There are 2 protein chains.
Amino acid sequence: MANIYDVAKAAGVSPATVSRALNGGSVSPERAARVQAACEELGFRPNRVARGLRRQRSDVLALIISDIENPFFTALARGVEDVARASNLSVVLCNADDNPEKEAEYLDVALAEHMAGVVIFPASVTETDVTALLDRGVPVVAVDRAPESAAIDTVTADDENGAYAATRHLLDEGYRRIACITGSRGSAAAMERLRGFLRAHREGDAPRRRPRVAYADFRVRGGYQAMNDLLDLPEPPDAVLVTNNLMASGALEALHGRGLRPPGIGLASFGDTHWSHLVEPALTTVHQPAYEIGRSAAELLLQRREAPDTAPQRLILPTRLEVRGSSRRAADSSPPPARKVETRVSHPETGPRQWARLGRPDAAADSATAAGSAAR
Amino acid sequence: MANIYDVAKAAGVSPATVSRALNGGSVSPERAARVQAACEELGFRPNRVARGLRRQRSDVLALIISDIENPFFTALARGVEDVARASNLSVVLCNADDNPEKEAEYLDVALAEHMAGVVIFPASVTETDVTALLDRGVPVVAVDRAPESAAIDTVTADDENGAYAATRHLLDEGYRRIACITGSRGSAAAMERLRGFLRAHREGDAPRRRPRVAYADFRVRGGYQAMNDLLDLPEPPDAVLVTNNLMASGALEALHGRGLRPPGIGLASFGDTHWSHLVEPALTTVHQPAYEIGRSAAELLLQRREAPDTAPQRLILPTRLEVRGSSRRAADSSPPPARKVETRVSHPETGPRQWARLGRPDAAADSATAAGSAAR
DNA sequence: TCGCCACGTCGTAGATGTTGGCCATCGGGC
DNA sequence: GCCCGATGGCCAACATCTACGACGTGGCGA
């Protein structure tokens with residue numbers, strides 16, 4: 001492939017002039033045109049590897065998550081990539097599977113590749129060490145949890161209020177023995193959600209008894225077992241808040257196994273809304289703004305790239321309660337249309353539910369078109 | 001950060017010896033040990049950018065798909081990344097949104113970055129042009145469709161037999177007016193699936209009338225509208241085969257809107273099985289081996305990297321029919337356990353359904369554990 | 001009118017960090 | 001003594017960007 005010397009020769013200028021012409025240096029219009037013409041004629045594309053070596057930084061950023069097959073991360077990844085693309089950056093995808101060693105390997109690669117930045121969902125608050133990156137001036141933004149090793153930008157969802165709203169909703173529907181299936185005590189998100197759940201129980205009209213809490217592992221099987229354990233209690237709950245999408249899937253499976261459905265049992269969960277409006281029993285969900293979290297994380301990264309020495313920011317994005325399923329008080333045979341609730345403001349929903357989250361920038365007119373993607 | 005000269009100085013050898021010590025050249029054990037020690041002391045990591053420049057190829061491969069938010073691509077991406085990681089490669093993720101221009105930009109980047117290879121789901125059979133990559137010796141593997149511009153390795157699912165099995169199943173259940181909602185005529189996969197659907201109708205016990213086919217756009221809204229159109233016919237179908245997961249979501253939405261469910265209407269679809277066992281009406285699905293397609297594509301890429309001049313391969317992976325929902329003939333109030341059918345061999349299913357596809361290599365004992373990932 | 005200075009433009013050379021080719025050296029076996 | 005293999009050092013190459021210096025021109029003051 002043609003290199004910058006070939007172009008220089010063809011345009012009758014020096015390589016430096018070609019570089020300046022392409023990267024916004026001061027070049028006379030006449031020469032710039034000659035360079036432009038030579039580039040097109042030779043099909044010249046600057047070698048990004050050589051550029052990266054010389055400039056000491058690449059146009060690639062790393063996204064380290066636990067598993068792209070989790071729809072939460074899927075939407076997050078899309079948010080990151082959309083922002084990156086707008087700045088001519090590429091995204092490398094790293095599935096660390098919640099394994100600190102695997103994660104450390106990827107962090108090493110990010111360092112060795114001189115990457116432009118890292119967006120990370122830390123596998124562990126204590127073990128994840130990003131100081132090597134920071135020392136080298138590579139910006140790092142954490143999602144959901146902040147590693148202890150350093151103070152860095154963080155983006156989170158408003159887990160506490162989301163859990164509060166969902167619990168409040170179950171209480172309003174008349175459920176009185178509400179349990180919570182949450183994640184391990186090591187997860188900040190799990191604790192936040194539990195906090196919101198408990199806060200709703202401290203209000204005036206809530207039952208006085210202490211609500212039951214099951215700690216599972218944020219995985220399908222964990223949700224399945226926790227739900228079965230709860231249902232086996234001598235006094236089983238009449239409603240359950242499940243704090244992530246995978247466990248919700250397992251919990252639903254358990255309910256299916258026993259033929260339980262509302263209004264016999266109330267169910268609310270955190271998670272995405274791809275399919276939760278289609279399942280039975282209908283699932284009220286705390287929608288997490290995964291796409292927006294990804295966007296924000298990438299934007300913080302770009303900001304920090306420009307201004308490395310500003311104080312770390314902590315961003316908390318609002319969640320949204322999507323209410324579905326028949327109310328216990330007004331037991332209705334046909335499912336009512338979903339309502340979306342954000343900070344207690346509700347508005348009706350029209351048309352078929354979209355597969356993708358709303359708010360993609362290019363999805364203004366018809367979000368299904370932009371979001372849907374094609375085949376399969 | 002320390003470079004190879006620092007290490008050489010610290011170890012008392014030349015930079016070339018350091019390079020050989022790290023890359024498997026012939027170095028005396030004594031010096032190799034000194035180099036090793038120096039590396040660790042200085043925390044030396046070879047600069048992958050410089051290495052890429054010198055070696056004229058990088059350790060990164062591109063995955064160009066239409067949208068990572070589609071679970072099919074999500075599983076595919078995971079398959080690609082697992083194989084890549086085992087060979088110390090990284091994966092950059094590119095969402096082309098079925099837009100040939102966006103796709104061309106990403107192909108350009110792959111060229112400019114001297115990437116190790118490209119796995120692509122072509123946005124268009126006619127417009128997608130990968131010859132520039134091939135000319136530069138960059139291996140390209142196509143998934144699902146083969147671009148016309150060149151003969152390259154391809155990996156596909158056995159769409160035709162999958163559609164046949166699903167249609168056969170609906171016929172066996174006693175449905176007689178089965179319609180098909182498929183994708184645009186431009187998609188090879190859509191045509192393959194339609195072919196299987198029609199083949200099942202040509203068998204002895206099938207109804208003589210010509211089955212109705214709706215061409216939609218492989219998107220949620222397309223499935224919703226197509227289903228509504230079918231139901232508005234004077235003689236609506238009593239069962240429908242939907243040929244992708246997004247349209248299936250829309251079709252289900254339409255059925256919900258009319259309160260229809262089996263055995264009043266039969267439904268089968270292509271797609272993933274994350275949630276299809278939880279929805280109502282229960283969805284019989286043609287499981288596509290997305291993860292395995294990703295693995296195979298990446299493996300073909302690595303093979304071609306080693307042996308560039310072998311003839312292009314065409315790989316077709318089997319699909320699997322996952323039967324659910326009450327049979328029309330033996331109308332059963334409680335849903336029977338799912339059966340999995342592959343080439344007409346069925347085996348019973350136990351335990352809660354897993355979120356992730358089976359077959360992840362490290363998921364032997366408990367696939368939920370490996371697949372589940374953590375928080376959210 | 002001449003000279004100096006400032007500015008815009010351009011070319012040369014060097015730097016980025018690694019690897020591989022080439023050659024020299026050394027030691028052992030025949 | 002010769003040859004061969006193993007080992008290791010030097011140098012160049014990969015393709016780009018940028019610091020520095022040079023050159024020309026135009027303006028302005030003397």
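The chains referred to below are lettered A, B, ... by the order of the sequence lines, with proteins before strands, and numbering in each begins at 1. No experiment lies behind these values; they were computed from the predicted model shown. Note: hydrogens, waters and symmetry copies are ignored here, and every other heavy atom, side chains too, is used.
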**Student:** Where do A:Asn95 and A:Tyr106 come nearest, in terms of heavy atoms and distance?
**Tutor:** O-CE1, 3.5 Å

**Student:** Measure the distance from CD1 on A:Ile4 to P on C:dG11 and round it to the nearest whole Å.
**Tutor:** 12 Å

**Student:** In degrees rounded to 10°, what angle is found between the helical axes fit to the five outermost pairs at each end of the helix from C:dT1-D:dA30 to C:dC30-D:dG1?
**Tutor:**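 Between the first-five-pair axis and the last-five-pair axis there is 50°.
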
**Student:** Nearest whole Å is fine: how far is C:dA15 P from B:Arg54 CZ?
**Tutor:** 19 Å

**Student:** Please evaluate residues A:Ser90 and A:Arg48 with respect to the criterion side-chain contact (heavy atoms from CB on, under 4.5 Å), reporting the C-alpha separation (whole Å), side-chain torsions for both, the decisive distance (0.1 Å), and the verdict.
**Tutor:** CA-CA 12 Å; A:Ser90 305; A:Arg48 291 168 75 122; 4.2 Å; yes

**Student:** Ignoring hydrogens and angles, are the base of C:dT16 and the side chain of B:Tyr5 linked by a donor-acceptor pair under 3.5 Å?
**Tutor:** no

**Student:** Is there any salt bridge (Lys or Arg N to Asp or Glu O under 4.0 Å) pair reaching into residues 6-20 of chain A, and which pairs are they, with sequence neighbours excluded?
**Tutor:**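 Every candidate salt bridge (Lys or Arg N to Asp or Glu O under 4.0 Å) pair involving residues 6-20 of chain A fails, so no pair, neighbours aside, qualifies.
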
**Student:** Within the pair A:Gln56 and C:dG17, is there a side-chain N or O less than 4.0 Å away from OP1 or OP2?
**Tutor:** yes

**Student:** Let me confirm one number: the CG-CG distance from A:Leu42 to A:Asn3, rounded to the nearest 0.5 Å.
**Tutor:**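 Interatomic distance, A:Leu42 CG to A:Asn3 CG, rounded to 0.5 Å: 9.5 Å.
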
**Student:** Rounding to a whole Å, what distance do you find between B:Arg55:CZ and C:dT16:P?
**Tutor:** 21 Å

**Student:** Scan residues 14-30 of chain A against DNA chain C and write down, sorted by residue number, each residue with any heavy atom closer than 4.0 Å; if none is found, say none.
**Tutor:**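 Hits under 4.0 Å, by residue number: A:Ser14, A:Ala16, A:Thr17, A:Arg20, A:Ser26, A:Val27, A:Ser28.
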
**Student:** Do you know the tightest heavy-atom contact between B:Ala116 and B:Ser58?
**Tutor:**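 Taking B:Ala116 first and B:Ser58 second, the nearest heavy atoms are CB-O, 3.4 Å.
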
**Student:** Check step by step if side-chain contact (heavy atoms from CB on, under 4.5 Å) holds for B:Val92 and B:Met115.
**Tutor:** CA-CA 10 Å; B:Val92 323; B:Met115 287 195 184; 3.8 Å; yes

**Student:** Does a side-chain heavy-atom distance below 4.5 Å link B:Arg51 with B:Asn23?
**Tutor:** yes

**Student:** So, for A:Ala2 and A:Phe44, which heavy atoms are closest and what is the spacing to 0.1 Å?
**Tutor:** O-CD1, 3.3 Å

**Student:** I'd like a table of donor-acceptor pairs (distance under 3.5 Å, sequence neighbours excluded) in which one partner is a side-chain atom from residues 130-139 of chain B, with atom names and distances.
**Tutor:**
residue	atom	partner	partner atom	Å
B:Thr131	OG1	B:Asp129	OD1	2.6
B:Thr131	OG1	B:Asp129	OD2	3.4
B:Arg136	NH2	B:His114	ND1	3.3

**Student:** If you look at every strand shown and take non-hydrogen atoms under 4.0 Å, does A:Val13 touch a base, only sugar-phosphate, or nothing?
**Tutor:**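 Result for A:Val13 = sugar-phosphate.
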
**Student:** Between C1' on C:dG17 and CG on B:Asp6, what's the gap in Å once rounded to a whole number?
**Tutor:** 11 Å

**Student:** Take atom CZ of B:Arg57 and atom P of C:dT18, then tell me their distance rounded to the nearest Å.
**Tutor:**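 Result: 18 Å.
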
**Student:** Report, one line per pair, each donor and acceptor closer than 3.5 Å where one atom sits in a side chain of residues 24-33 of chain B; sequence neighbours left out.
**Tutor:**
residue	atom	partner	partner atom	Å
B:Ser28	OG	B:Arg31	N	3.4
B:Glu30	OE1	B:Arg34	NH1	3.3
B:Glu30	OE2	B:Arg34	NH1	2.5

**Student:** Between atom CZ in B:Arg45 and atom P in C:dT18, what is the gap in whole Å?
**Tutor:**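 About 12 Å, once rounded to whole Å.
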
**Student:** Which is the 5'-most and which the 3'-most nucleotide of DNA chain D that has an atom under 4.0 Å from a heavy atom of chain A?
**Tutor:**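 That gives a stretch of D:dA15 to D:dT18.
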
**Student:** Ignoring hydrogens, what is the shortest heavy-atom contact between B:Ala123 and B:Glu103? Give both atom names and the distance.
**Tutor:**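 Closest approach of B:Ala123 to B:Glu103: N-OE2, 2.7 Å.
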
